[in-house]
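Down below is the structure, laid out as structure tokens.
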Amino acid sequence: MPRCPIARPFGPGSDRVRFGRALVSTGFGVALSSLACNPLVDPGEQSGTGGSTTGNRPDPSPSTGLSLSTASSTGGALTGGVSTTAMADGTGSTTMESTTMDPGPLMDMGAPDVPAVEPEPCNAVDILFVIDNSLSMADYQAQLATPWPGFVGNLWATLPEGTSVHAGLTTTSFFNGPCSESTLNCVSASTKAEILAHYITPDVANTGVNGQQGRLFEWDGQRYFSASAGDGDSGLEQWLSEAMVAIGEVGCSFEMMSAGAGYALHPANAGFNAGFLRDEGAVLVLVVLSDEPDKSPEGAVAYYDMIVDAKAGCGGDPCVVVTGLVDPCIEGVNDELWQFIGLFSNVLPLGNIAVPGDYGQVLGPTLAQAIGDSCQQIPSTR
């Protein structure tokens with residue numbers, strides 16, 4: 001069943017619709033928002049079941065399963081009557097027996113209405129940063145070290161106090177060794193065979209490099225940082241700022257952004273990344289940072305499925321928030337990363353990684369608020 005194709009030029013302008021999904025231009029990037037096209041459902045196959053809002057809609061006045069009962073024709077019968085007692089002398093006396101009303105079976109009127117109790121919001125947020133660690137990223141990684149105090153402050157102000165937050169990083173590299181790759185017009189100049197030769201998935205072999213193949217980047221003795229909303233100076237800002245720079249530019253130039261996100265949640269990395277991801281009661285936030293097109297070779301749907309499968313207990317796609325700082329050229333060529341991002345239903349504005357002002361915009365109050373809003377929709381497991 002085909003998903004919605006994405007192949008329109010990137011750039012500032014008015015709102016644009018392509019194949020039922022709106023591209024909303026902002027001052028610093030592009031936001032994806034769902035309209036008529038669900039990327040996972042053919043509109044002709046939608047039905048009114050499962051809460052669908054299109055297709056065969058449910059009856060506008062469905063039976064609720066409740067009804068008002070009427071009294072039975074025998075339930076309220078009158079009892080009693082006239083009785084005659086015979087006397088010895090042939091006379092008799094007549095007495096009237098008392099007449100009573102049999103109330104019949106009593107109706108259970110039920111307990112009084114009790115106001116519905118709003119469920120508690122989610123109790124956890126997991127933020128995964130997928131960072132390009134190729135040779136061209138030095139200046140961009142320096143920029144990435146700056147917005148975290150503001151971002152964490154906004155996050156603490158948005159989330160309920162006590163909400164557990166995990167922050168982890170992985171890279172775009174899936175190969176250990178020399179790499180020489182170039183792009184032309186936002187497309188790799190390498191052949192498919194050359195790309196595959198630089199792509200080793202963790203279920204096949206372990207390259208042994210920190211932060212590769214979807215493994216979390218270990219920094220300062222931690223594979224991810226854990227804090228709670230309301231902790232004040234938790235150290236999360238400092239850890240993120242230092243780790244963003246420490247991740248370096250030692251990775252392969254065949255960047256695999258979608259694969260990095262997907263394999264971070266793949267069973268092959270479950271042991272190494274243990275503890276980072278919470279399923280039920282948790283929002284997953286994906287933040288992609290790269291200045292190159294994506295060369296992930298398995299197809300966007302494969303990586304999308306890895307992520308929603310890992311969040312199945314929570315509800316899958318609705319539990320995931322996606323944003324990033326990328327090269328805007330990926331839209332015009334319908335790049336693998338562009339296709340991958342477009343599969344999600346909750347995508348925030350994307351920034352241009354080459355524009356310093358976009359860092360604070362993308363990693364600012366809008367993202368913090370979106371995380372908080374998503375958390376409100378996911379029941380707590382407390």
Side-chain angles (χ1 to χ4, degrees), residues 26-32 125-134 136-159 163-172 211 216-217 219-220 222 224-249 257 260-261 264 276 283-292 320-328 330 337 341 346-375:
T26 69
F28 56 89
V30 168
L32 295 168
V125 174
D126 302 321
I127 309 174
L128 176 65
F129 297 91
V130 182
I131 301 179
D132 184 343
N133 64 334
S134 62
S136 61
M137 284 292 293
D139 291 342
Y140 304 130
Q141 288 179 7
Q143 287 286 339
L144 290 173
T146 60
W148 304 116
F151 171 72
V152 173
N154 286 315
L155 193 61
W156 284 179
T158 303
L159 292 174
T163 302
S164 173
V165 175
H166 287 175
L169 292 69
T170 192
T171 72
T172 60
L216 295 176
F217 179 71
W219 171 247
D220 196 26
Q222 299 179 83
Y224 61 89
F225 196 94
S226 181
S228 295
D231 279 355
D233 185 9
S234 62
L236 177 59
E237 304 98 319
Q238 181 177 352
W239 189 86
L240 283 171
S241 295
E242 292 176 354
M244 292 290 172
V245 176
I247 212 164
E249 304 84 49
M257 285 73 84
F276 168 72
V283 178
L284 172 63
V285 185
L286 297 178
V287 185
V288 181
L289 306 129
S290 177
D291 66 336
E292 294 283 348
V320 185
V321 177
V322 183
T323 190
L325 288 150
V326 299
D327 187 330
I330 65 171
L337 178 61
I341 290 174
N346 193 0
V347 181
L348 298 184
L350 303 175
N352 185 336
I353 196 168
V355 178
D358 280 9
Y359 290 71
Q361 294 283 357
V362 171
L363 302 168
T366 300
L367 177 56
Q369 187 60 53
I371 295 170
D373 290 345
S374 295
C375 189

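Along the sequence shown, residues carry numbers from 1.
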Can any side-chain N or O of [X] pair as donor or acceptor with the backbone N or O of [Y] at less than 3.5 Å?
X	Y	result
T171	G211	yes
Q141	G248	yes
S374	I371	no

Item checked: From CA spacing to verdict: side chain to side chain contact (heavy atoms under 4.5 Å, CB included), I353, Y359 -> CA-CA 7 Å; I353 196 168; Y359 290 71; 3.2 Å; yes
[atom1]/[X] to [atom2]/[Y] distance, rounded to the nearest 0.5 angstrom?
X	Y	atom1	atom2	value
L216	Q222	CG	CD	12.0 Å
Y224	W239	OH	CH2	10.5 Å
L284	H166	CG	NE2	12.5 Å
E292	S134	CD	OG	6.0 Å
T163	D231	OG1	CG	10.5 Å
L144	L169	CG	CG	9.5 Å

Is there side-chain contact between [X] and [Y], with at least one heavy-atom pair below 4.5 Å?
X	Y	answer
L240	F225	no
L350	D358	no
N346	V322	no

Next item on the list: For side chain to side chain contact (heavy atoms under 4.5 Å, CB included), just list the numbers for Q361 and T366, CA-CA rounded to whole Å, side-chain angles, deciding distance to a tenth of an Å, and then say yes or no.
Entry: CA-CA 8 Å; Q361 294 283 357; T366 300; 5.9 Å; no
What are the two closest heavy atoms between [X] and [Y], and how far apart are they?
X	Y	answer
I247	F217	CA-CZ, 3.6 Å
P349	V362	O-CG2, 4.0 Å
I127	V165	CD1-CG1, 4.3 Å
M137	D132	CG-O, 3.1 Å
A145	S241	O-OG, 3.0 Å
P356	A354	CD-O, 3.5 Å

Next item on the list: Would you indicate whether E249, at its atom CD, is surrounded by more than 12 heavy atoms from other residues, nucleotides or ligands within a distance under 6.0 Å?
Entry: yes
Note to self: Heavy-atom count check: over 12 atoms from other residues, nucleotides or ligands less than 6.0 Å from D139 CG?
What the structure shows: no
Next item on the list: Report the C-alpha separation of L367 and N154 in whole Å, then their side-chain angles, then the decisive distance to 0.1 Å, and conclude whether the side chain to side chain contact (heavy atoms under 4.5 Å, CB included) test is met.
Entry: CA-CA 9 Å; L367 177 56; N154 286 315; over 6 Å; no
Next item on the list: Check each of V320, T323, D126, I341 against L286 using the side-chain contact (heavy atoms from CB on, under 4.5 Å) test, and report the only one that passes.
Entry: V320
Next item on the list: Classify the angle between the aromatic ring planes of W148 and F151 as parallel (below 30°), tilted (30 to 60°) or perpendicular (above 60°).
Entry: perpendicular
